[in-house]
Every structure is written in structure tokens, then in C-alpha cells.
2 protein chains.
Amino acid sequence: MAVTIKEVALRAQVSRSAVSRTFTDGASVSTKMRKKVIKAANELGYAPNILARSLTTRRTKLIGLVSNNFDNPFFLKVFDLFTSGLQDVGLRPLLVNLTSETDPAQAAHMLRQYSVDGVIVASSELPAIFSKAFKEVNIPIIESFGMISEDTSDMHCVSIDNKQCGRMAARLLIKKGYTNIGFMGGPENVSVSRGRFEGFKEVLKSHPEIQASYSYAESHTFAAGRKEMLRLLKSPTAQAYYCGDDVISIGAISAIQSTGLSVPEDIGIMGLDDIEIAGWENINLTTIHQPIQQIISSTIELMEAILEEPDRYPENRLFPCYVVERGTLKNQ
Amino acid sequence: MAVTIKEVALRAQVSRSAVSRTFTDGASVSTKMRKKVIKAANELGYAPNILARSLTTRRTKLIGLVSNNFDNPFFLKVFDLFTSGLQDVGLRPLLVNLTSETDPAQAAHMLRQYSVDGVIVASSELPAIFSKAFKEVNIPIIESFGMISEDTSDMHCVSIDNKQCGRMAARLLIKKGYTNIGFMGGPENVSVSRGRFEGFKEVLKSHPEIQASYSYAESHTFAAGRKEMLRLLKSPTAQAYYCGDDVISIGAISAIQSTGLSVPEDIGIMGLDDIEIAGWENINLTTIHQPIQQIISSTIELMEAILEEPDRYPENRLFPCYVVERGTLKNQ
DNA sequence: TAAATTTTTGCAACCGGTTGCAAAAATATT
DNA sequence: AATATTTTTGCAACCGGTTGCAAAAATTTA
């Protein structure tokens with residue numbers, strides 16, 4: 001059984017309040033008192049119970065880290081940086097895995113039961129209904145890596161500039177000399193896909209000489225990318241594709257190779273994310289780099305700010321990306 | 001502000017105990033009472049505060065999920081299955097990311113402050129000192145995916161049978177007709193590497209005609225696999241290598257290809273884990289499959305059992321693996 | 001040195017729940 | 001209908017902390 005404040009108080013011959021105060025910064029305790037208490041606490045191996053404390057302070061330092069992207073290597077990095085980043089500022093991530101069956105209200109309910117101080121939604125394709133549900137139970141929430149859209153204007157978002165990515169991709173393909181290019185996005189109904197699509201199309205408006213086609217993979221997975229590319233390969237294809245993300249890209253490459261064609265000789269491919277795998281020589285994918293560390297640091301800073309000031313005016317923080325050229329596009 | 005038991009009691013015109021009892025299964029409440037309370041609770045949107053409850057019940061349903069493998073895609077799947085599996089039985093994962101700088105005592109301390117009911121260490125290469133530290137603060141702990149060794153005989157472990165894997169690998173390589181084979185493990189000082197090494201060597205004892213060599217990658221990463229293979233390539237190599245895991249294998253393949261050689265024509269490679277990526281056509285790695293779902297289900301079941309019976313006698317649960325033949329070994 | 005001011009301390013109430021116990025209510029037995 | 005038994009209920013104490021308030025102690029000022 002863990003040692004409690006009462007036992008420390010007893011051993012140090014002081015009141016429980018005194019013990020409490022020594023472990024609360026900013027509280028008024030004399031040096032002698034503090035010394036006595038610390039001594040007793042160390043001898044007993046005491047540490048204040050944060051959960052009991054939270055009852056009065058109303059702060060658990062628990063942050064719900066919510067995602068449904070547990071199959072995309074990009075998000076492993078996201079979890080890595082979020083967990084260590086949160087730990088560094090004294091917050092603790094309570095991981096929530098939302099599957100398609102999860103009831104949004106249920107999930108929100110659960111997070112409230114655990115009195116999380118805030119929620120970070122780290123997902124590229126979570127239905128807006130989830131954020132709504134969290135919002136309703138009045139938990140501070142930040143959306144990271146997705147979901148910037150008209151109906152989230154009252155939410156805090158930290159994300160990449162998807163439109164800019166779309167533009168950058170189209171410009172790169174055109175610069176490379178491709179005259180017939182394709183957009184093969186992630187799921188059509190998710191906001192990140194829409195943003196990238198808009199940016200892509202925008203550039204094409206001023207390039208009437210370029211032919212373009214559009215399609216979507218069912219999800220941000222290897223299998224979906226492969227499947228969609230196999231479908232495209234049944235008809236004449238574009239010369240190069242900008243894919244929804246890196247795993248979709250790798251799936252597409254696999255499909256292309258399986259039909260005897262090669263990348264980039266026959267068809268060019270570019271992705272988005274710049275996951276570690278994209279840099280592996282066996283993959284060597286040209287892609288757009290997301291400044292993942294910056295996004296996460298910014299999200300955590302914003303969370304700390306919101307915890308201080310819950311009614312903070314919502315803001316969208318957008319981070320620009322940049323192209324990383326590797327070997328899956330060639331000059332025409 | 002969340003609605004509390006007091007408000008529900010007031011609205012339902014009953015005592016707080018009555019409300020508490022309706023939300024505690026097994027407690028004695030009449031049907032009428034329960035109905036009244038449920039009605040009030042629903043109208044108010046009440047849910048019991050688990051953290052407050054934990055003060056008296058001594059159960060938070062929080063489970064520390066501890067790992068330092070945040071860079072291996074295999075562990076993304078591990079986190080996926082653990083989080084959803086724990087959720088399914090009403091437990092909540094508190095994710096802890098241990099980096100090399102983390103102080104074991106500090107980490108244990110933190111988990112105790114949050115009164116986690118138990119800890120699952122999901123890691124293939126965590127120094128034993130960590131489990132020791134957790135053990136010392138008296139938190140039930142299970143080691144999953146690693147660390148079975150002499151000094152953990154007083155711990156619960158759920159893992160694959162590493163020795164069997166080593167044997168299986170050696171046998172496969174021999175069966176394929178290779179006569180000069182290599183073991184290129186993960187870090188030498190971690191128990192999983194040792195187990196696999198032992199199994200591998202054991203088979204070779206009864207095959208004096210086979211030449212074998214041994215080396216180790218620095219970590220379970222692409223970069224380490226690549227580096228170690230580049231080193232090996234400076235001298236005459238074996239005909240095929242059994243690598244520490246899949247990412248090491250893929251790094252090794254990359255190294256081999258970068259010197260103009262090819263896999264499996266010039267050098268054969270096999271891994272262990274069977275991560276999703278291994279099945280991607282562009283990788284197509286022959287490997288040993290870990291029954292990850294079974295290990296995780298078993299770990300969770302064991303955790304539930306331990307929570308019921310804290311002094312349960314420690315056990316090691318070992319799961320056999322099986323070979324998945326793909327394209328990185330050929331018949332000699 | 002006495003009075004005024006500031007700092008430190010403990011008391012007691014509270015945070016949001018649970019639970020042993022005894023009284024009250026409902027049900028069963030005679 | 002009276003009594004015995006069982007079930008339901010509320011009281012009050014407790015879980016491990018924090019905190020407003022007033023008294024006590026220490027320090028400053030006159």
C-alpha cells in the first residue's frame with residue numbers, strides 16, 4: 001500500500017496541511033518545516049497521489065490522445081513525439097484508439113469519466129462528429145494532423161497547410177515536364193484530401209496545357225493505394241501521380257511493378273508525409289515532408305496555453321511543408 | 001463543470017449512497033430506486049468520476065503501457081492491439097515512452113503517482129533495471145515481447161519462444177541448401193537476441209557441415225541493419241543471413257542492393273516479426289511470424305487475472321512462431 | 001519594549017465518490 | 001394480525017489530498 005500524507009504528517013510531527021504545502025509549489029511553508037517534511041517523506045518514500053489531488057485542484061494532467069490511425073507508420077512517429085513531448089511538460093497521455101465501431105458519445109463520456117484535462121485528436125481521417133462529441137462534454141480539444149474545414153472554425157487546429165501541399169505537388173509534377181498528371185488522394189470525404197485536391201486543382205487552372213485526372217484511395221493504407229492503382233492501370237494512365245500519402249504511394253508503386261511496369265521510368269509517383277520508410281533505399285520515395293516535430297511541439301504548447309486559459313479564442317496553426325526529391329519522379 | 005453525485009441525489013430526492021449504489025454493480029438497490037436515479041442521472045448527463053471512485057475502491061483501471069520501441073513499425077501494431085484490447089475489457093492505457101535518458105526510478109514513481117492498477121512493459125529491448133524499478137514500487141507488472149531471462153524468473157512474461165525461432169531459422173536456411181549461413185542479431189545484450197542466438201547455435205551443433213558466423217546490429221532499426229550489413233560486405237559474406245527482426249532485415253537488403261548485389265540471388269535474408277511491410281510486394285521478405293494478437297490477448301487476460309489475485313504465482317507464457325516464406329531466400 | 005505587521009501553521013470543511021452499520025421498510029412466516 | 005426475517009435505505013465516516021480562515025509565531029516598526 002502506498003504511503004499517504006497522513007503517515008508523513010505523523011512521522012514529521014506536523015499537520016497534514018504542512019505536508020501538502022511542501023508538495024505544492026507556491027504554498028507558504030517555512031524552511032525548517034519543509035526540511036522536516038521532506039526528510040520524513042523521503043524516509044517513507046512518499047509521493048502525493050495525483051488523482052486524489054485532482055479532486056480539489058481539478059487538474060489531472062491527463063491528456064486524452066485520441067486517434068484511429070493505428071495502421072500508418074507515420075502515426076507511430078506522431079505517438080512517439082506526442083508521448084515524449086507531453087511527458088516533458090508533466091502531462092500524461094491516455095491513449096484512446098477509436099475504431100470504426102466506437103460510438104463518439106461513448107468515447108467522450110469515457111474521457112470525461114477520467115477527468116482528462118484536455119484532448120488531442122491526432123488523426124487524418126476522424127469523422128467530425130467525434131470532435132463535436134468531445135466539444136459537447138466541454139473538454140478542451142485540439143485537432144492535430146487533420147480536419148481543418150468550415151465546420152471546425154470553432155476549434156483549435158494545428159496542422160499542415162494541405163492546400164499548399166496540393167499546389168506544391170502540382171507544380172513539381174509540371175516542372176518535371178509531365179503533361180498528363182493524376183491526383184490519387186486519400187478518402188474523398190476527409191478534409192485533408194479535400195484541401196490537397198483544391199490546391200492541386202488551383203495550379204492546374206493556370207496550366208491549361210496540362211491534362212489531369214482525379215481519383216481516391218479508400219483509406220490511407222498500402223492495400224488501398226495498391227487497389228486503386230490497379231484499377232487505374234486497367235485504362236491508360238497518367239504519366240505521374242500525386243498520392244494521398246506515403247503508404248498509399250508505396251501501395252501504388254507495388255501495383256505498378258506487379259504489372260511489369262516500373263517507377264519512375266513508366267509512371268512517376270510522389271507521396272506526402274515523408275515517413276522514415278520513404279527514405280529507405282528500397283523505397284526511395286519522392287514526397288512532401290511534414291514538419292511533424294514542429295506540429296507536435298506547437299500542439300503541446302497550445303494545449304498548455306488552453307489549460308491556463310480555457311476560453312482562449314480558437315486558432316488554426318498551419319505549417320508549410322517542403323518537397324523531398326528522391327527517386328520516384330524523373331524529368332520528362 | 002461535470003455533474004456530481006450530489007446533484008443527482010438532489011434531483012432524484014434520494015441519498016448520495018443510493019446514487020452510488022445504482023452505479024456500482026452488485027450493490028443493493030430496489031428497482032424503483034434505481035429507476036428514479038437513472039432517470040435523474042440521464043436528465044443531468046451524469047457519469048461517476050472514476051478517479052474519485054478509485055480513492056475508495058483502490059482501482060483506477062489505468063494500466064501503464066510502457067515501451068521504448070517507438071521507432072519500429074512492429075510496435076505500432078502492438079500499440080494498436082493493446083489499446084483496443086484494453087479498452088474492450090474496460091481498462092485504460094496510460095502510455096509511457098521511455099527513452100534512454102529516462103530514469104527508471106522516476107518512471108516507476110510517476111506510475112505510482114497515477115495509481116495505475118498494473119503495468120505492461122511492451123518492449124524488446126528495455127534494460128531489466130526498469131522492470132526491477134516497477135517491481136520495487138509494488139505495481140503488478142507483465143513483460144510482453146521481450147526480456148525472458150534468468151533474472152526475470154519472478155516476473156510474469158508473455159512472449160514468443162525466441163529459442164524456437166532461432167532453431168527454426170537455422171533449419172530453414174539449411175533446408176534451403178545454404179551451407180554458409182549468418183546470424184545477424186539485434187543488440188547483443190538484450191535477452192531476445194540471446195534466445196534466438198542460442199536456438200540458432202543449437203541446430204548448428206548437429207550440422208557440422210554448415211559454416212556459420214555471428215554478428216549483431218546495434219539496434220532494431222533500418223539504419224543499424226544497413227550499417228551492420230555494409231560492414232559485413234567488406235569481407236566475404238555468408239550465403240544467407242537470419243536477421244534480428246524485419247526492419248534490420250530490410251536495412252540489410254538495402255545495403256546489399258546498394259553494393260550492386262541482389263537479394264535473394266546473391267545473398268539470402270530472413271527476418272522475424274512479419275510486420276505488415278514485410279508483405280508489401282516491394283519488400284516481400286521471408287520472415288518468422290509472431291502471433292502478436294495471441295500474445296496481446298494473453299497478456300491482457302493475464303493482467304485481469306493478476307488484478308484479481310495480486311500474489312499469483314509468476315508464469316512465463318511462450319508462443320511458438322511460424323515461418324512465412326516470401327521472396328528473400330532461394331533454394332541453392 | 002510594546003504594538004503593528006507579516007509569515008507560518010493547524011483546524012476543519014471540502015473535492016466526488018464508497019461503504020459499514022443500524023434503522024426503516026418490505027416481505028415471509030406463524 | 002403479530003412476529004421474524006430479509007431487503008432497502010440513509011447516516012456518517014472515510015479514501016488522499018487541498019485550501020480558506022483564523023490563531024500563533026516570527027518579524028518589523030515605532
Side-chain angles (χ1 to χ4, degrees), chain A residues 1-38 40-41 44-62 109-117 137-138, chain B residues 1-38 40-41 44-62 109-117 137-138:
Chain A
M1 195 71 62
V3 16
T4 73
I5 203 170
K6 209 203 268 178
E7 305 167 50
V8 178
L10 205 68
R11 172 175 265 256
Q13 310 252 52
V14 300
S15 70
R16 284 151 66 226
S17 331
V19 180
S20 171
R21 289 192 179 106
T22 6
F23 287 95
T24 310
D25 27 38
S28 150
V29 236
S30 69
T31 333
K32 301 157 224 163
M33 172 104 299
R34 157 166 281 123
K35 215 168 268 175
K36 264 201 293 184
V37 171
I38 295 279
L44 260 34
Y46 170 78
N49 179 327
I50 296 197
L51 270 19
R53 165 183 287 172
S54 79
L55 234 35
T56 37
T57 61
R58 312 195 148 276
R59 289 289 217 99
T60 56
K61 305 227 163 202
L62 247 28
H109 189 81
M110 188 277 283
L111 285 165
R112 228 206 27 194
Q113 283 200 297
Y114 276 92
S115 319
V116 296
D117 288 346
V137 300
N138 227 341
Chain B
M1 196 67 66
V3 16
T4 72
I5 203 171
K6 208 204 267 176
E7 305 167 49
V8 178
L10 206 68
R11 172 176 265 256
Q13 311 251 52
V14 300
S15 71
R16 284 151 67 227
S17 331
V19 180
S20 172
R21 290 194 178 103
T22 27
F23 287 95
T24 310
D25 26 40
S28 152
V29 236
S30 68
T31 334
K32 301 158 223 164
M33 172 103 297
R34 158 165 281 123
K35 216 168 267 175
K36 263 203 294 188
V37 171
I38 296 279
L44 259 34
Y46 169 78
N49 179 328
I50 297 197
L51 270 21
R53 167 182 287 171
S54 79
L55 233 35
T56 38
T57 61
R58 312 197 149 274
R59 289 289 218 103
T60 56
K61 305 227 162 202
L62 249 27
H109 187 82
M110 187 277 282
L111 285 165
R112 228 207 26 195
Q113 283 201 296
Y114 276 92
S115 319
V116 295
D117 289 345
V137 300
N138 226 339

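In what follows, every chain begins at residue 1, and chains take the letters A, B, ... in the order their sequences are listed.
A/Arg58 places its CZ atom 10 Å from the C1' atom of C/dC14, with the value rounded to the nearest Å. One atom, CG of B/Leu44, and another, P of C/dG17, lie 12 Å apart when rounded to the nearest Å. When the C1' atom of C/dT18 is taken as reference, atom NZ of B/Lys6 falls 16 Å away, rounded to whole Å. For the pair B/Leu55 CG and D/dA13 P, the computed distance is 18 Å after rounding to whole Å. Rounded to an integer number of Å, the gap from NZ of B/Lys32 to P of D/dT7 is 14 Å. Nucleotide C/dC14 holds its C1' atom 15 Å from the CD atom of B/Glu7, rounded to whole Å. Here the P atom of nucleotide D/dG17 and the CG atom of B/Asn49 are 16 Å apart, to the nearest Å. Residue A/Ile5 contributes atom CD1, which lies 11 Å from atom P of D/dT19 at whole-angstrom precision.
Looking only at distances, a side-chain donor or acceptor of A/Thr24 sits under 3.5 Å from a matching main-chain atom of A/Ser20.
Fit an axis to the five pairs at each end of the helix from C/dT1-D/dA30 to C/dT30-D/dA1 and the two axes sit 30° apart, to the nearest 10 degrees.
Residues B/Ala2 and B/Glu7 come closest through the heavy atom pair O-OE2, 4.0 Å. In this structure, A/Val8 and A/Ala41 approach most closely via the heavy-atom pair CG1-N, 4.0 Å. Here the closest non-hydrogen pair linking A/Gly45 and B/Arg112 is O-NH2, 3.3 Å. Heavy atoms only, all atoms of each residue included: A/Asp117 and A/Thr60 are closest at OD1-N, 2.9 Å. Across all non-hydrogen atoms, the minimal contact from B/Lys36 to B/Gln13 is NZ-O, 4.5 Å. Nearest heavy atoms, B/Phe23 versus B/Val37: CE1-CG1, 4.1 Å.
Of the residues in residues 15-24 of chain A, those with a non-hydrogen atom less than 4.0 angstrom from any atom of DNA chain C are A/Ser15, A/Ser17, A/Ala18, A/Arg21.
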Begin from the C-alpha positions of A/Leu51 and B/Leu55 and carry the test side chain to side chain contact (heavy atoms under 4.5 Å, CB included) through to its verdict. CA-CA 8 Å; A/Leu51 270 19; B/Leu55 233 35; 5.7 Å; no
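At C/dT8, one or more side-chain N or O atoms of A/Ser28 fall inside 4.0 Å of OP1 or OP2 (strictly under the cut-off). Within the 4.0 Å cut-off from OP1 or OP2 of D/dG17, at least one side-chain nitrogen or oxygen of A/Tyr46 is found.
Nucleotides of DNA chain C nearest to B/Pro48 and A/Thr31 differ in position, and the one nearer the 5' end is that of A/Thr31.
A/Ala47 comes within 4.0 angstrom of sugar-phosphate atoms only, judged by non-hydrogen atoms across all strands, and of no base.
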Could you pull out all donor-acceptor pairs under 3.5 Å where a side-chain atom in residues 27-34 of chain A meets a protein atom, sequence neighbours excluded?
| residue | atom | partner | partner atom | Å |
| --- | --- | --- | --- | --- |
| A/Ser30 | OG | A/Met33 | N | 3.3 |

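Candidate nucleotides D/dT9, C/dT18, C/dC14 were compared by shortest atom distance to the side chain of A/Thr56, and C/dC14 ranks first.
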